[in-house]
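Because the structure is predicted, anything quoted here is derived from the model rather than measured.
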Amino acid sequence: MRHLLTGLLLAASLPVLADGQATLETRSDQGSATMEVSWAGDDLRMDFPQQAQAGFMLLKDGKGYMVSQMQGQTMVMDMARLREMAESMGGDQASAGIASQQASAVDALEATGETETIAGLEGEVYRLQWTDKAGTAHDDDLVLSENPQVRELMAAFHAYQQSMTGEPDPIATTLEERGLGMLRFGERFRIAELSDESPAASTFTLPEDAMNLEDMMRSAPSQ
C-alpha cells in the first residue's frame, strides 16, 4: 500500500470544479503501480488494475472509503473510522511507515527554469526540499502546472488524503498557495494520461448490502 500512499499524500488542496479521468503511475521501494482515477464535482474514485482484488477507494460526500472483497463479502471501510481505531489500538508500526511518506514541513520550493512535458502538458520543473514526519530531509524534483484540470485532480486527492490522516499536507498547502498542480513528483508519482471525459454517475455509488468495520469485528470469532 505504500506506493499508493505516496500518491495520495502528495496533492494540492484547491476547489474541485470539473469532471475528468486520469491514469497515474506511482513507484516506491515496494514496486510500481498504476492507478485509474475518476472524479466528478467533489467525488473521487481510485481503481488499481494490477490489484483488482484490492477493490477501490472512494471519496463521497466528503468522506473517504475503501471498498474491497473479503472471503466473498463486500467490505466498506470508513477511512476516518479506520484511522481512529488504529490510533486507539496503538498502531505505532503502521504510523512509522506512513511518517516516512508524509511531509511535516516544506523547507524550499524553487523553479529551476526548465520545462518538461507530462501527459501532453508542459510543466515547469521545481526543486522541492522537505522534511518528513520521521525527521528525514528530502530533496526532489517536481513538474508543476497551472492547468485547472491538474489542480482539480490534485484537490480531490488531497481531500481523500485528509480523510486518511485527519490533517492537511504541507506540500499540498504550498502548491495551493502558488496556484499549482502536480504532474510529476520525482520518481514516485506521475500523470500518464489525462482526459476531461465525465465518468458515469454510478462510478461513485457505494455498494449495497456491504459490511462495515463494526460488522466485521462483531462477526470475527472470539479468541
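- In this structure, R45 fails the cation-pi test against F204, since its NZ or CZ atom is not both closer than 6.0 Å to the six-membered ring centre and inside 45 degrees of the ring normal.
- In this structure, R151 CZ and E176 CD are separated by 9.5 Å, a value rounded to the nearest 0.5 Å.
- Across all their heavy atoms, Q50 and A33 have their closest contact at OE1-CA, 3.1 Å.
- Side-chain contact between M57 and F48 is present, with at least one heavy-atom pair separated by less than 4.5 Å.
- The nearest pair of heavy atoms linking P170 to A103 is CD-O, 3.3 Å.
- Counting heavy-atom neighbours within 6.0 Å of E146 CD, excluding the residue itself, gives a total of 12 or less.
- Of the listed residues (E208, M211, Q69), just one forms a side chain to side chain contact (heavy atoms under 4.5 Å, CB included) with T74, and that residue is Q69.
- Counting only distance, with no hydrogens or angles, the side chain of H138 and the backbone of Q129 share no donor-acceptor pair below 3.5 Å.
- Taking the side-chain hydrogen bond (donor to acceptor under 3.5 Å, both in side chains) definition, one finds that K63 meets it with nothing, sequence neighbours left out.
- A distance of 11.0 Å separates CG in D43 from OG in S38, rounded to the nearest 0.5 Å.
- T34 and E25 form no side-chain donor-acceptor contact under 3.5 Å, judged by distance and modelled atom types alone.
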> Hey, mind stepping through M66 and M79 against side-chain contact (heavy atoms from CB on, under 4.5 Å) and telling me if it holds?
Replying inline: CA-CA 7 Å; M66 178 182 291; M79 299 307 293; 3.8 Å; yes
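- Considering only residues two or more places apart in sequence or on other chains, R178 meets the side chain to side chain contact (heavy atoms under 4.5 Å, CB included) condition with L109, Y126, T174, L180.
- To the nearest 0.5 Å, the span separating CG on D61 from CG on D42 amounts to 9.0 Å.
- Rounding to the nearest 0.5 Å places CG of N147 at 10.5 Å from CE of M154.
- A 4.5 Å side-chain heavy-atom check between V37 and L153 finds at least one atom pair inside the cut-off.
- For residues 191-204, the set of pairs meeting the side-chain hydrogen bond (donor to acceptor under 3.5 Å, both in side chains) definition, not counting sequence neighbours, comprises D19-S198.
- When all heavy atoms are compared, the tightest approach of H158 to P168 is NE2-CA, 3.7 Å.
- Scanning both residues, G20 and P199, for their nearest heavy atoms gives O-CD, 4.0 Å.
- Looking at residues two or more places apart in sequence or on another chain, you find a side chain to side chain contact (heavy atoms under 4.5 Å, CB included) between E122 and T115, T117.
- In plain terms, the two heavy atoms of L59 and A159 that are nearest each other are CD2-CB, 3.6 Å.
- Electrostatic pairing of D141 and R184 counts as a salt bridge here, judged by a charged N lying under 4.0 Å from a carboxylate O.
- Atoms CZ and CG, from F185 and L128 in turn, are 5.5 Å apart once rounded to the nearest 0.5 Å.
- A side-chain donor-acceptor contact under 3.5 Å links Y160 to the backbone of Y65.
- L183 is linked by a side chain to side chain contact (heavy atoms under 4.5 Å, CB included) to I118, L121, V143, S145, V150, I191, counting only residues two or more places apart in sequence or in another chain.
- The pair R127-E110 fails the salt-bridge criterion, with no side-chain N (NZ, NE, NH1 or NH2) lying under 4.0 Å from an Asp/Glu carboxylate O.
- Across all their heavy atoms, P207 and V76 have their closest contact at CG-CG2, 3.8 Å.
- Neither side chain, D132 nor S104, offers a donor N or O lying under 3.5 Å from an acceptor on the other.
- Note that the CG atom of D169 and the CZ atom of F157 stand 13.0 Å from one another [nearest 0.5 Å].
- E177 and T173 are not linked by any side-chain donor-acceptor pair at a separation below 3.5 angstrom, with hydrogens and angles left out of the test.
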>> Between L194 and Q149, does the side-chain contact (heavy atoms from CB on, under 4.5 Å) criterion hold? Intermediate values first, please.
In response: CA-CA 9 Å; L194 187 64; Q149 194 175 26; 3.6 Å; yes
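- With sequence neighbours excluded, the residues that form a side chain to side chain contact (heavy atoms under 4.5 Å, CB included) with P148 are E152.
- Contact annotation: the side chain of V125 never approaches that of L142 to less than 4.5 Å [non-hydrogen atoms, C-beta and beyond].
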